[in-house]
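Below: one structure, written as C-alpha cells.
Letters A, B, ... are given to chains in the order of the sequence lines, protein chains preceding strands, and every chain is numbered from 1.
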Amino acid sequence: MTDSAPSSTGSSADKSPRRVVLVDGSGFIFRAFHALPPMTSPDGTPVNAVYGFCTMLMKLREDTKPDHMAVIFDTKGKSFRNDFYPDYKAHRPPPPEELVPQFGLIRDATRAFNLPSIELEGFEADDLIATYARQAEAEGSDVIIVSSDKDLMQLVTDRVQMFDAMKNRTIGAAEVLEKFGVSPDKVIDIQALAGDSVDNVPGVPGIGIKTAAQLIDEYGDLDSLLERAGEIKQPKRREKLIENAELARISRNLVTLKTDVPVVEPLGDFELREPDPEVLLSFIASHGFKSLISKVKSKFGGDVEFDSPTAAGVGVNDIKVEKAEYELVQDEDRLKHWISEAEYLGTVAVDTETTSLDAHTAKLVGVSLSTEPGNGCYIPLGHVSGEAQGGFDFGDNPADSPSNSKDAPKQIKLERAIELLKPLLEDPGVLKVGQNLKYDMIVLARHGIKVAPMDDTMVLSYVLDGTSHGHGMDELAELHLDYKPISFKDVCGSGKTQITFDQVPLDKALDYAAEDADITLRLHRLLKPRIAQEHMASVYETLDRPLVPVLAEMEGLGVKVDAEILKNLSEDFAKRMAALEETIHEMAGEPFNLGSPKQLGEILFDKMSLPGGKKTKTGAWQTGADVLEALAAQGHDLPAKLLEWRQLSKLKSTYTDALAHHINPNTGRVHTSYGQTNVNTGRLSSNDPNLQNIPIRSEEGRKIRTAFIAEPGHKLISADYSQIELRLLAHVAEIDALREAFKNGEDIHAATASKVFGVPIKGMDPMVRRKAKAINFGIIYGISAFGLANQLGIAQKEAKEFIEAYFEIYPGIRDYMDEAKEFAKKHGFVRTLFGRHIHINGINDKNGMRRSFGERAAINAPIQGGAADIIKRAMIAVPNALLDAGLKTRMLLQVHDELIFEAPEDEAEKAIKTIREVMENAAHLSVPLIADAGIGDSWADAH
DNA sequence: GTAATCACG
DNA sequence: GACGTACGTGATTACG
C-alpha cells in the first residue's frame, strides 16, 4: 500500500494491484468504427472496429505495461438512470448496421486476448469503471482508464489517469482543466449545469461549460451555487438557475458515476494473463486481420509452427523451411517408428492418396501421417514408374535403362502396410485427424480398416464458420495459416496431360502428401479449441462428427440400381422426344435446337410473335416452365409440346442416361457422395450422382424410382418424417393452435384451410386445401404476398388477405418472424434448436432486395436447419438401434426428411418398427414427431 | 465459366 | 411509391 513505485513489474508478496488498466470497450467501439475505413472479414461481416480494437489492445499492453487489465462494456438494456429519468439517452439513434455485428465480435476479441470481458445488466460501462477505479485506488494502485469519454473525467485523480487510445494522449488533471475549466472533482457540477445533449442530460438551459466553470469557480460547488442563486447579478442567469434548480440536481444524479456497483468479478481476477497464441491467432486469422498475425506471433511467441518473428512480410508460416523433416517411408521399420510415435502422442493426422476423386472407385496409392506440426511422412504403396505411363517426358532418354523404367519404386507391400496401420487407425486411444476424412474412411474401409476415433478439420470448419467460406484444405490453409499449399495441379498437371497420383515420382509425392497431413494437423490445432470456445461442442460432438462414419458407411453400401430398367426408359424417352421434335419443328416452320432457350425464345416471341414475352436480365427471352405453361394455357400448341419435350429431355439426360454411368461395376450399385459442409442450413447435399432429386412429382419421372431396387431376398424401406418443418415451426414459434392440430393428428393443411377460410374439414374442396398448403409452406419460406400470389396464380391482394387471415389464426407466427429477423440482424446468424449457428448473408445489406432475401432466409433457416439436425440425430441412432435389435437392415440413403433402408425380406416389418421408433424419438418437441414408412421392391413401391 | 432450366425436400 | 421476392440444393445444356 505504501509502495510508491507503481511501474514496477516485478512480483512481490503483496498481492494488491499495482497498475490497473480499465478499457472502456463500448466507448472504443464507436470511435474506432467511425475513425477507421470499412473493412470486412472473409465472410463479409464488417470488422473495422474489431480490427481497431485488436490493434489497440496489442499496443496498450506494450505501452502501459499493466499487471491488471479488463475490458468493460455497456449492456444493451436500460440502466438504473432510466429509473429516475426515463429520457436518459433516449434520443440515441440506433447504431449503424455495420456496427451491430461487431459488438459481439469485440467481446470475442477480448476473450481471445485472454482478458476479462466485464459487463453488468442495469449499469453502464462508466459505472463499472468508476467502481473498479475507486477500488483500485483505495488499494493504492495506479489506474489507467482507456477512454476519451468526458463523462469519465470526473474520476481523474493523482492515481487515476485516462488514456485516449485513438489519439495516443494521456488525460490527467491538466487536460480535464482544459476541457471543463475546473479540477476533476468539480467536473460533475459542471456537467450538471451544462447538461449534455448527446446523453439527453438536461442541465440548466442557457448555461454551457464556460459559464458553469465561472459559476462553480465563484461559488465553490453546485449546492452552494443553487442556495445562493439569488445573489447572481445577471438577471437572466439568476432566473434560469432558480427556476431549474431541480433539473440541475437531477442532472447531477445522472452524470454522477456510481462507485459502488455490486460487481461480480473481483479486481484481483483482472491479473494480466498471456493470451493463448493459438486461440488469438485463430481469432485474428478467421477475421482476416492478416497484418496482425506476424505481430501477434512475435509478441506472444506461439507454438513451434509459428516462431519466425524475423520473417516480416513473408509467409509467416513458412512450411517449406521445415519440409526437410518430411520423410519418405519405404521400409517397415520406419513405418513402425511413425506408428509408435503416433501411439505415444495420441493424435495423428492421416491422409490417403488415391487414383481418383471418387472414393468408391479410387485405388489406394499411399498414406501420409503427421504427428506434430512441421513433421510428416509419406508411405507410398501403389506407385508405378512415372515414365512407364508416358504423359511427361515421352521419348526422353529412350536408351536410359529402359528395362528399369517399368519397375515400380521401392515401397512397402500394400497388404503389409495395411496390417501395420490397422491397429493404429482403429486404436480407441489415438485420435485420427483428417481433412474430409470421410473420403479416406471409405477408401480404407475397402481395406478392412474402420477408422476411429476421428476428427475432421473440414467438418470443424463448417460447424464453426458455416458456409461463409469454403472448407477445402487449400482455402483453410490460406485463411488460417496464411500458407498456400502445393496444389494438386502442380503435382499431377491438369487437362489432357493430367496423370494419376500413382504415376507421381516419389519425391514430388512426398512433398505434396506429407504437407497435406502436416497442414491438417495444424488446422486441427487451430480449429478444435474454437469448438468449445464458441459453444459449438454439442453441435460438433453430437451431430456432425458422429455423422461422418455413418455417411461413410451409407456411401460405401450404395443402392442397387437396375441398369436394364434405366435403359428401357431411356429408349422410350428417346423415341418420344424424336417424335415431339419433328412435330415442333413443323409447327415452328423451321428446325431449331429445342434445347436452346435462346433459339426457342426467338421462335416464340420474334418469329411467331406470341404475347407475354419477357426478357431476362441478360436480354434473352424468358422461356421457363411458367412462361410456357401460360402460353399453353392460352391454347398455343408449340409451348405445350415443348414442355413435354423438356420433361423427357431432363429425365433422360439427368437421370436415366446419367444414372446408368454411375453404377459401380464392382458392386453393381450406385454410390452417391454426401456433402456435409455444403449447405448453409445444416442439411446434407448429395452429388455424383445427386440421389436427393430423383423425380417423384410427375408420373413419367416417378418411373425412374422403379430402377432403385433391393438385392434378391431383400426389400427397400422408405421412412419419412411427416410435416417435420411445420411441426418444428409450431414448436419453436409456440403456436398453440398449430400444436393442438398436430397433437390431435389432424390433416394440417385441411385444418389450416378450415380455420383460414372458415369451411368445414369434411367435404372440403381440394383447391381450398391446396391454398392452405401453399400458405403453410410460404410461412416456412418467409412469406410474401407476391410469392404466394405467384405460387397460387391469384391476385396479390387476395394473397395478402390470406396471409393476414393466417396471422390471425396462428398468432405468434409474426412474433417468431420478427424475432428471427431481429436476431439475425444483430448477430449475423440464427440458431437452430440444437445450437447450430446459421450465418445469414445480406441481413444487414444496404440493398433492400438482398436484405429481404436475408430476412426470409433468417425465418427459414432455424426451421430447415432444425429439421436437418433432427434427421441427423436419427441417422446416428438408427444404425446402432438396428444392430442392437439383431437386424441386418442397412441405411442407404437420406433425402432431407426421408431415410431409405435395405432389409432382408423376413425382418423388414421388424426393422420398420425400430426405425420409426428411433426417428420419432430423435427429438422431443411440444408436438409429436411422426415418421411414416413403407416397404417395396423398388423405391417407387416403398414410398 | 456463367446463365438458364428443372429435378428434389 | 417502386423495386423484386418465396427457403435450400445439384446436374445438364448452351453459349461466349
Side-chain angles (χ1 to χ4, degrees), chain A residues 467 592-601 615-629 642-643 645-659 661-662 672-675 678-698 700-702 704-705 720-721 723-726 729 774-792 796 799 803 820 830 838 840-842 847-865 867-868 871 893-898 939 943:
Chain A
T467 48
F592 68 100
N593 184 350
L594 302 194
S596 165
K598 185 166 167 269
Q599 293 180 32
L600 172 64
K615 299 266 181 112
T616 65
K617 60 187 169 191
T618 56
W621 292 108
Q622 283 183 6
T623 67
D626 49 344
V627 175
L628 300 189
E629 270 160 26
L642 202 114
L643 279 168
W645 181 90
R646 270 206 186 146
Q647 187 196 13
L648 295 175
S649 165
K650 180 81 177 180
L651 295 177
K652 182 168 184 293
S653 70
T654 308
Y655 299 103
T656 54
D657 288 353
L659 220 38
H661 294 124
H662 280 287
T672 185
S673 178
Y674 287 103
N678 295 339
V679 183
N680 200 22
T681 55
R683 273 191 179 179
L684 299 177
S685 68
S686 156
N687 59 30
D688 299 302
N690 183 354
L691 295 186
Q692 289 183 323
N693 71 345
I694 302 301
I696 188 168
R697 292 172 190 170
S698 76
E700 268 334 303
R702 192 183 283 244
I704 290 165
R705 295 195 172 212
D720 68 306
Y721 279 114
Q723 308 290 0
I724 187 166
E725 295 195 345
L726 273 178
L729 175 71
I775 305 177
N776 275 333
F777 276 106
I779 292 290
I780 294 172
Y781 296 153
I783 201 159
S784 74
F786 178 93
L788 183 64
N790 223 18
Q791 185 67 32
L792 286 175
Q796 204 165 319
I803 295 168
V830 291
I838 300 169
I840 304 297
N841 267 323
N847 179 317
M849 202 174 81
R850 278 200 284 271
R851 199 171 54 245
S852 306
F853 220 85
E855 289 174 355
R856 290 194 295 270
I859 291 166
N860 173 262
I863 298 170
Q864 187 181 117
I871 199 165
L893 302 175
Q894 188 250 40
V895 193
H896 308 310
D897 64 357
E898 174 188 13
W939 195 358
H943 212 280

- Message: Wobble G-U and Watson-Crick pairs count when both distances are under 3.5 Å; given that, what is the 5' to 3' dot-bracket string of DNA chain C, with | for pairing to other strands?
- Response: ......|||||||||.

- Checking dC15(C), dG9(B), dT5(C) against the side chain of Lys598(A) (C-beta onward), the nearest is dC15(C)

- Item | Nearest-Å distance for atom pair OH/P, residues Tyr655(A) and dA11(C) | 10 Å

- Just call it for Glu725(A): base, sugar-phosphate, or nothing, with non-hydrogen atoms closer than 4.0 Å on any strand. nothing

- Note on the structure: Leu651(A) CG to dA11(C) C1', in whole Å, measures 13 Å

- Message: What is the separation between atom CG on Asn847(A) and atom C1' on dC3(C), rounded to the nearest whole Å?
- Response: 10 Å

- Task: Select one nucleotide: of dC8(B), dG10(C), dT5(B), the one nearest the side-chain heavy atoms of Asn687(A).
- Result: dG10(C)

- Among the nucleotides dC8(B), dT12(C), dC7(C), whichever has the atom closest to the side chain of Asn860(A) is dC7(C)

- Query: Within 45° of the six-membered ring axis of Trp621(A) and under 6.0 Å from that ring's centre, is NZ or CZ of Lys598(A) located there?
  - Reply: no

- For atom NE2 of His662(A) and atom C1' of dG10(C), their distance in whole Å: 11 Å

- Task: Could you give the distance separating dA4(B) and dT5(C) at their P atoms, to the nearest angstrom?
- Result: 12 Å

- Task: Could you tell me whether the side chain of Val679(A) reaches within less than 4.5 Å of the side chain of His896(A), counting heavy atoms only?
- Result: no

- Message: Counting the atoms with a prime plus P, OP1 and OP2 as sugar-phosphate, which does Leu684(A) contact under 4.0 Å by heavy atoms, base, sugar-phosphate, or nothing?
- Response: nothing

- Task: Indicate, with a heavy-atom threshold strictly under 4.0 Å, whether Gly782(A) touches base, sugar-phosphate, or nothing.
- Result: nothing

- Leu600(A) CG to dC6(B) P, straight-line distance once rounded to whole Å: 10 Å

- Any side-chain heavy-atom pair of Leu651(A) and Thr656(A) under 4.5 Å: no

- Sugar-phosphate, base or nothing in reach of Ala861(A), heavy atoms under 4.0 Å: nothing

- Query: Roughly, in whole Å, what's the span from CG in Asn680(A) to P in dG8(C)?
  - Reply: 7 Å

- Message: Using the side chain to side chain contact (heavy atoms under 4.5 Å, CB included) definition, which of the options Ile779(A), Asn776(A), Ile724(A) pairs with Leu729(A)?
- Response: Ile779(A)

- Side chain of Ser653(A) (C-beta onward), nearest among dG10(C), dT13(C), dA14(C): dT13(C)

- In whole Å, what separates the P atom of dT5(B) from that of dA6(C)? 13 Å

- Query: Could you give the CG-to-P distance, from Leu648(A) to dT13(C), as a whole number of Å?
  - Reply: 14 Å

- Message: For a quick check of understanding: with a heavy-atom distance under 4.0 Å over all strands, which category does Ser649(A) fall into, base, sugar-phosphate or nothing?
- Response: nothing

- Query: Going by modelled atom types, is there a donor-acceptor pair between the base of dG9(B) and the side chain of Arg697(A) at under 3.5 Å?
  - Reply: yes

- Message: Given the structure, check if the side chain of Arg856(A) and the base of dT5(C) hold any donor-acceptor pair shorter than 3.5 Å.
- Response: yes

- Query: Short question: side chain of Thr672(A), backbone of Asp688(A) - any donor-acceptor pair under 3.5 Å?
  - Reply: no

- Message: By the 4.0 Å heavy-atom rule, please label Ile783(A) as base, sugar-phosphate, or nothing.
- Response: base

- Task: Answer yes or no: is there a side-chain heavy-atom contact under 4.5 Å between Tyr674(A) and Leu893(A)?
- Result: yes

- Is the distance from OP1 or OP2 of dC15(C) to the nearest side-chain N or O of Ser596(A) less than 4.0 Å? yes

- Query: Ser649(A) versus Leu594(A): any side-chain heavy-atom pair under 4.5 Å?
  - Reply: no

- Task: With heavy atoms under 4.0 Å as the rule, sort Ala799(A) into base, sugar-phosphate or nothing.
- Result: nothing

- Item | Spacing between Asp626(A) atom CG and dA4(B) atom P, to the nearest angstrom | 13 Å

- Item | Minimum-distance nucleotide to Gln647(A) side chain [options: dA7(B), dA6(C), dG9(B)] | dA7(B)

- Ala857(A), nearest nucleotide to its side chain (from dG8(C), dA6(C), dT12(C)): dG8(C)

- Message: Whether Ser685(A) contacts dG10(C) is assessed here as follows: a side-chain N or O lying under 4.0 Å from the phosphate OP1 or OP2. Is that the case?
- Response: yes

- Task: For the side chain of Asp688(A), starting at C-beta, report the closest nucleotide among dA7(B), dA11(C), dG8(C).
- Result: dA11(C)

- Looking across every strand, which nucleic acid part, if any, lies under 4.0 Å from Ser784(A) by heavy atom: base, sugar-phosphate, or nothing? base

- Message: Under 4.0 Å, counting only non-hydrogen atoms across every strand here, what does Phe777(A) touch: a base, just sugar-phosphate, or nothing?
- Response: nothing

- Message: Contact between Thr623(A) and Arg646(A) at the side-chain level, heavy atoms closer than 4.5 Å - yes or no?
- Response: yes

- Message: Does Asn693(A) reach a base, just sugar-phosphate, or nothing at all? Heavy atoms under 4.0 Å.
- Response: base

- Query: Side chain of Thr623(A): nearest nucleotide among dG4(C), dA14(C), dT5(B)?
  - Reply: dT5(B)

- Which nucleotide in dA4(B), dA7(B), dC7(C) has an atom nearest any side-chain atom of Gln864(A): dC7(C)

- Task: Give the nucleotide from the list dC8(B), dG8(C), dC6(B) with an atom nearest to the side chain of Ala625(A).
- Result: dC6(B)

Name each donor-acceptor pair under 3.5 Å that joins a side chain in residues 855-865 of chain A to protein atoms two or more places apart or in another chain, with its distance.
from	atom 1	to	atom 2	distance (Å)
Glu855(A)	OE2	Lys825(A)	NZ	2.8
Asn860(A)	OD1	Gln864(A)	NE2	3.4
Asn860(A)	ND2	Ile780(A)	O	3.1
Gln864(A)	OE1	Thr681(A)	OG1	2.6

- Query: Mind checking whether Glu898(A) and His943(A) have side chains closer than 4.5 Å, heavy atoms only?
  - Reply: yes

